Amino acid sequence: MKKILSVLLSLTFIINIFALFGTSTIEVQAADYAATLRSKGFPESYIDDLVKLHKKYPNWIFEPLKTNLDFHAAVNGERKNHSNQLIEKSSGTSTSMYCDCSQCKKNGQYVIQEASNWVSASEKAVEYYLDPRNFLNEKEIFQFESTKYNGTQTQSGVESILNGTWMHNSKISYKDTTGASRTLTITYSDSIMAAASRNGMSSYYLASKIRQEVGGTKPTAGGASGTNKTYPGIFNYYNIGAYTGALDGLKWASTSNATTAGTGYYTNCQCRVREKATTSSKELVMLPANTKVTYKSTTAKQSDGHIWYQISVTYNNKSYTGYIRTDLVDKKTTTAKPDTYNRPWTSPHISIVNGAKYIAQNYKTQFTGYLQKFNVNPESGTLHTHEYMANVAAAASESRTTYTAYSNAGILGITKTFSIPVFKNMPDDDNSSTTTNPPTTTTKPSQPTTLPCVTGLKATGSDTKQINLTWNKVSGATGYRVDIMKNGKYVKYATTKSNKISVTGLNSFQEYTFRVKAYQTKSNNTIWGKYWVGVTYGTRARRISGFKATGSNNSAVYLAWNKNTRATGYRIYKYDPKTKKDTLYKDIKGANNTTLKVSGLKNNTKYYFKIQAYYTVNGRTYWSYRTNAITTATKYNMVTLNSAKSNSKKKITVKWNKAIYNCSGYQVMWSTTKNFSSNYLTVNVNGRNSLSTTLNTAQSGKRYYVRVRAYKTVNGKKTYCSWSGVKSVVVK
């Protein structure tokens, strides 16, 4: 008794301890992790957001990438050439994000730098996208994840990234150099998965990159069409070398740097001609790989650690004289070598696989999407240059696409490492990351003067003609625009002031994709936010029609139903009328499979069944409503046929076992056909205990087939159970 009392007192003490301190456990854990982040070298303004992410995804690892760069100096370095930082000019973007210096805005118009609507980004825009703290959330942090190969990534995840483009679930189809149409047996996602594994790259990164560069509802982008008149049948899915537009990229993809017999000096990669023999001097021109230059002289080792060639070159009808680093130029010999990247790229597959090889080999120190956009890794040796894309928002945009792929694949929470750049003298940052008394609040850098992107868009359910959507409210929003994708294009469905909507008038058993953005109307002026990445969901099917039982025996019943042509399959459920619960019995694959034998049942027993159809697309499954339960029953237990022998001329002696249940007698059938379809006779043997009979046949030396079943007579009507097995005998 004393021992029991002691245990109870101990438990009471423990419960009281938890009551006193349990509520602060989370805070203690958060404080401990915050201290860990500070010890790694993260400034205070990073801590709160990273702690929140760690709380939700405890397997994520955050590492500071210490650039040792002054933040404002880094901004200036990235904007040394304003044409290297571009932003799309659109109605949803504040004009403060466009550069309005005398070179970028002339006669009241922004200078178009690329395509039809890309202009130079302002200092404010570069500050925003360069500052990692603006992207420490679960959707945009993936720009800091490694671009190296990840074996947990799946092809279905790649397909989810490609969703909404012509590449989604499609075999590779293209025009070759002669203009002829070609279709490969592999899909675009097959190529991306192959490119990832062969080159040690992240498949999600490659898919996001391709979607960013050439994605769309149709393959009309310059790098993906194959129909450019200057470079027909040439593809560049990553737009490598597209410094001023797709044409540059196609030229690069069409040019082999394979050596041929002879001598001379050729660039072995993209490289810059400098005004003086130092990396800090003015850039005269950027030359693509395999450009022939005329050698003049060789310098001694310079202060930047490099030896330089003085060269002259003619490029794009202009002549230049300057300096190129010796490690960026090959002296051709008489030994021929193949092109490093297997150019020309004459198919999408060749472009996807070999473009990944180029990225892997040329961006080793730029191992995140962020670093490929903003080269601030001090180990690269080419700060603020050698950057993959001009789009200032590219890394953030690709990150959101990667998030969607991880989410759809169900692997958001697995271990991932993020290398997050840290600068000196960041805006509103006291740089006291080692302080023991961090400020209670931290001022965050300013946001662009547009509405925030809608977050949390999801489908909450559907009916046969309706899908319900919800999303998080945006502070200050007047309302929201909801778009639906039709025929590969988004079109407006409706605007609403609520953060939820029911999209009606849809087809049953069909998948739809939606997107939503917020807007704010003030003084007849409307400001738009960015679209949330599209969410895809499907409607239900109507209940299956024609569901019925078509027959039974002592241990099985037979079911049938009408086909739903869009179904991936059907599920049959047993229903228990006592508990009113359904239990899955069978998952049937294929729309055309519309019958089922339910076996292993008890004899002479009632059973209840329901059915529902489903269809699966891109890893998502949608269900019809289940039917009402139908009722059927098994028959009486069958009789076992023990023997059928012919001991006398034209006679068969038949014996069987006694029926388990009370019966009125037995029916015996014999026939010269195995399936008893013709030439058969029957005889009834009265009495449950009558277990044999002798049959008379018309022929000798003929094979006969025999079977038996029990029957019960009720009110003058015979009810038969199922037939026994069949035995055969050759009659004497």
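Quick caveat: nothing in here was measured; it's all calculated off a predicted structure. Residue indices begin at 1 and follow the sequence shown.
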Colleague: The criterion is side-chain hydrogen bond (donor to acceptor under 3.5 Å, both in side chains); which residues satisfy it with T227, sequence neighbours excluded?
Modeller: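 So T227 forms a side-chain hydrogen bond (donor to acceptor under 3.5 Å, both in side chains) with S225.
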Colleague: Holding to side-chain hydrogen bond (donor to acceptor under 3.5 Å, both in side chains), I want the full list of residues that pass it with T314, two or more places apart in sequence or in another chain.
Modeller: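 By the side-chain hydrogen bond (donor to acceptor under 3.5 Å, both in side chains) rule, T314 matches S319.
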Colleague: Tell me which pairs pass side-chain hydrogen bond (donor to acceptor under 3.5 Å, both in side chains) where either residue lies in residues 472-484, with sequence neighbours left out.
Modeller: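 Every side-chain hydrogen bond (donor to acceptor under 3.5 Å, both in side chains) pair that includes a residue of residues 472-484, provided the two are not neighbours, is T455-N472, R481-D483, R481-Y531, D483-R515, D483-Y531.
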Colleague: If only atom types and distance count, is the side chain of N236 paired as donor or acceptor with the main-chain N or O of I240 below 3.5 Å?
Modeller: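 Indeed, once roles are kept as given, a pair shorter than 3.5 Å links the two residues.
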Colleague: Between the side chain of S351 and the main-chain N/O of Y237, is any donor-acceptor distance below 3.5 Å?
Modeller: yes
Colleague: Ring centroid separation for W345 and F235, is it under 6.0 angstrom?
Modeller: no
Colleague: Among all residues two or more places apart in sequence or in another chain, which pass the ring pair (Phe, Tyr, Trp, His ring centres under 6.0 Å) test with Y323?
Modeller: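 Y323: no ring pair (Phe, Tyr, Trp, His ring centres under 6.0 Å) contacts found.
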Colleague: Are any side-chain N or O atoms of T255 and backbone N or O atoms of K251, one a donor and one an acceptor, separated by less than 3.5 Å?
Modeller: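 Yes, because the side chain of T255 sits within donor-acceptor range (under 3.5 Å) of the backbone of K251.
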Colleague: May I ask you to test the I112-W118 pair for a side-chain heavy-atom distance under 4.5 Å?
Modeller: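 Not touching, per the 4.5 Å side-chain cut-off.
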Colleague: Kindly say whether V376 contributes a backbone atom to a donor-acceptor pair with the side chain of S380 at under 3.5 angstrom?
Modeller: no
Colleague: Using the rule given for side-chain contact (heavy atoms from CB on, under 4.5 Å), can you reason through I352 versus I210, listing the C-alpha separation, both sets of side-chain angles and the distance that settles it, and then say yes or no?
Modeller: CA-CA 8 Å; I352 290 170; I210 289 171; 4.0 Å; yes
Colleague: Should L65 and I420 be marked as a side-chain contact (heavy atoms from CB on, under 4.5 Å) after you check the CA-CA gap, both sets of side-chain angles, and the distance that decides it?
Modeller: CA-CA 5 Å; L65 176 64; I420 307 171; over 6 Å; no
Colleague: Per the side-chain hydrogen bond (donor to acceptor under 3.5 Å, both in side chains) rule, which among K373, R79, Q113 passes with Q85?
Modeller: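 Of all the options given, the one that passes is K373.
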Colleague: When you measure from the centre of the six-membered ring of Y238, is the NZ or CZ of K209 closer than 6.0 Å and no more than 45° off the axis?
Modeller: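 Not flagged: K209 not positioned over aromatic ring of Y238.
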Colleague: Atom CD1 of I324 and atom SG of C271: how far apart are they, to the nearest 0.5 Å?
Modeller: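 It is 4.5 Å, given to the nearest 0.5 Å.
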Colleague: Please walk me through it: do D176 and T178 pass side chain to side chain donor-acceptor pair (under 3.5 Å)?
Modeller: CA-CA 5 Å; D176 66 14; T178 67; 2.6 Å; yes
Colleague: So, N199 side chain and M201 main chain: donor-acceptor pair closer than 3.5 Å or not?
Modeller: no
Colleague: List the residues meeting side-chain contact (heavy atoms from CB on, under 4.5 Å) with S303, not counting sequence neighbours, and say none if there are none.
Modeller: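 S303 satisfies side-chain contact (heavy atoms from CB on, under 4.5 Å) with no residue once adjacent residues are dropped.
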Colleague: Let me confirm one number: the OG1-OH distance from T401 to Y205, rounded to the nearest 0.5 Å.
Modeller: 12.5 Å
Colleague: Taking the side chain as C-beta and beyond, is there a heavy-atom pair between F71 and E127 under 4.5 Å?
Modeller: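 In contact.
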Colleague: Are E275 and Y320 close enough that some pair of their side-chain heavy atoms sits under 4.5 Å apart?
Modeller: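 The answer is no, as the side chains (C-beta and beyond) never meet within the 4.5 Å cut-off.
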Colleague: Which of these passes side-chain contact (heavy atoms from CB on, under 4.5 Å) with Y315: V285, V293, L284?
Modeller: V285
Colleague: Backbone N or O of G157 within a donor-acceptor pair of the S160 side chain at under 3.5 Å?
Modeller: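 Checked: pair present.
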Colleague: To the closest 0.5 Å, what do you measure between OG1 (T279) and CD (Q302)?
Modeller: 10.5 Å
Colleague: Which atom pair, heavy atoms only, marks the closest approach of V119 to Y98?
Modeller: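 For V119 and Y98, the tightest heavy-atom pair comes out as CG2-CD2, 3.7 Å.
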Colleague: Taking L250's backbone N and O only, do any of them form a donor-acceptor pair with S254's side chain (distance below 3.5 Å, no angle check)?
Modeller: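 Such a contact is found between S254 side chain and L250 backbone.
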Colleague: Do T368 and N377 touch side chain to side chain, with heavy atoms closer than 4.5 Å?
Modeller: no
Colleague: Check salt bridge (Lys or Arg N to Asp or Glu O under 4.0 Å) between D70 and all other residues, then give those that pass, not counting sequence neighbours.
Modeller: none
Colleague: State, to 0.1 Å, how close V353 and S191 come at their nearest heavy-atom pair, and which atoms those are.
Modeller: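 For V353 versus S191, the nearest heavy atoms are CG2-O, 4.0 Å.
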Colleague: Passes side-chain contact (heavy atoms from CB on, under 4.5 Å), Y204 versus I161? Steps please.
Modeller: CA-CA 7 Å; Y204 291 176; I161 293 175; 3.8 Å; yes
Colleague: State which residues pass salt bridge (Lys or Arg N to Asp or Glu O under 4.0 Å) with E123; sequence neighbours excluded, sorted by chain then number.
Modeller: none
Colleague: Determine whether L136 and Y46 make a side-chain contact, defined as any pair of heavy atoms from C-beta on separated by less than 4.5 Å.
Modeller: yes
Colleague: Between Y512 and Y537, is the gap from one ring center to the other below 6.0 Å?
Modeller: no
Colleague: Just do the side-chain contact (heavy atoms from CB on, under 4.5 Å) check on T294 and V313 with the steps written out, would you?
Modeller: CA-CA 6 Å; T294 301; V313 64; over 6 Å; no
Colleague: If the condition is side-chain contact (heavy atoms from CB on, under 4.5 Å), which residues does L469 pass it with, not counting sequence neighbours?
Modeller: L457, A459, I467, W471, V482, I501, V503, F514, V535
Colleague: Please round to the nearest 0.5 Å and tell me the distance separating atom SG of C99 and atom NZ of K105.
Modeller: 10.0 Å
Colleague: On a heavy-atom basis, which atom in A224 and which in V214 lie closest, and how many Å separate them?
Modeller: CB-CB, 3.8 Å
Colleague: Using 0.5 Å steps for rounding, measure from the CE atom of M485 to the OG1 atom of T513.
Modeller: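 Here the rounded value is 5.5 Å.
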Colleague: Where the side chain of S120 meets the backbone of H82, is there a donor-acceptor pair that is under 3.5 Å apart?
Modeller: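 Here the side-chain-to-backbone pair exists.
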Colleague: Tell me, with the steps shown, if Y363 and H386 meet ring-ring contact (aromatic ring centres under 6.0 Å, His included).
Modeller: CA-CA 9 Å; Y363 291 88; H386 192 256; 4.5 Å; yes
Colleague: Tell me whether Q109 contacts the main-chain N or O of K106 through its side chain, where contact means a donor paired with an acceptor under 3.5 Å.
Modeller: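 Checked: no pair found.
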Colleague: Answer yes or no for K218 and W166: cation-pi contact, defined as NZ/CZ to six-membered ring centre under 6.0 Å and angle to ring axis within 45°.
Modeller: no
Colleague: How would you list, by chain and number, every residue that makes a salt bridge (Lys or Arg N to Asp or Glu O under 4.0 Å) with R274, sequence neighbours excluded?
Modeller: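 None.
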Colleague: G215 and T165: which non-hydrogen atoms are nearest, and at how many Å?
Modeller: CA-CG2, 4.3 Å
Colleague: Enumerate the ring-ring contact (aromatic ring centres under 6.0 Å, His included) contacts for residues 273-292, please, sequence neighbours excluded, ordered by first and then second residue.
Modeller: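 Qualifying pairs, neighbours excluded: none.
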Colleague: How long is the span from the NE2 atom in H168 to the CZ atom in R211, to the nearest 0.5 Å?
Modeller: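 H168 atom NE2 to R211 atom CZ measures 10.0 Å (nearest 0.5 Å).
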Colleague: What pairs of residues pass the salt bridge (charged side-chain N to carboxylate O under 4.0 Å, His left out) test when at least one of them lies in residues 276-287, not counting sequence neighbours?
Modeller: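 Qualifying pairs, neighbours excluded: R272-E283.
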Colleague: Of the non-hydrogen atoms in R133 and P427, which two are nearest, and what is the gap between them?
Modeller: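 Between these two residues, the closest heavy atoms are NH2-O, 3.0 Å.
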Colleague: Which one of F142, Y370, F144, F135 satisfies the ring-ring contact (aromatic ring centres under 6.0 Å, His included) criterion with F418?
Modeller: F142
Colleague: Quick one: does N375's side chain have a donor or acceptor within less than 3.5 Å of a partner on T382's backbone?
Modeller: yes
Colleague: Quick one: salt bridge (Lys or Arg N to Asp or Glu O under 4.0 Å) partners of E138, sequence neighbours excluded?
Modeller: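 Listed in chain order: K56.
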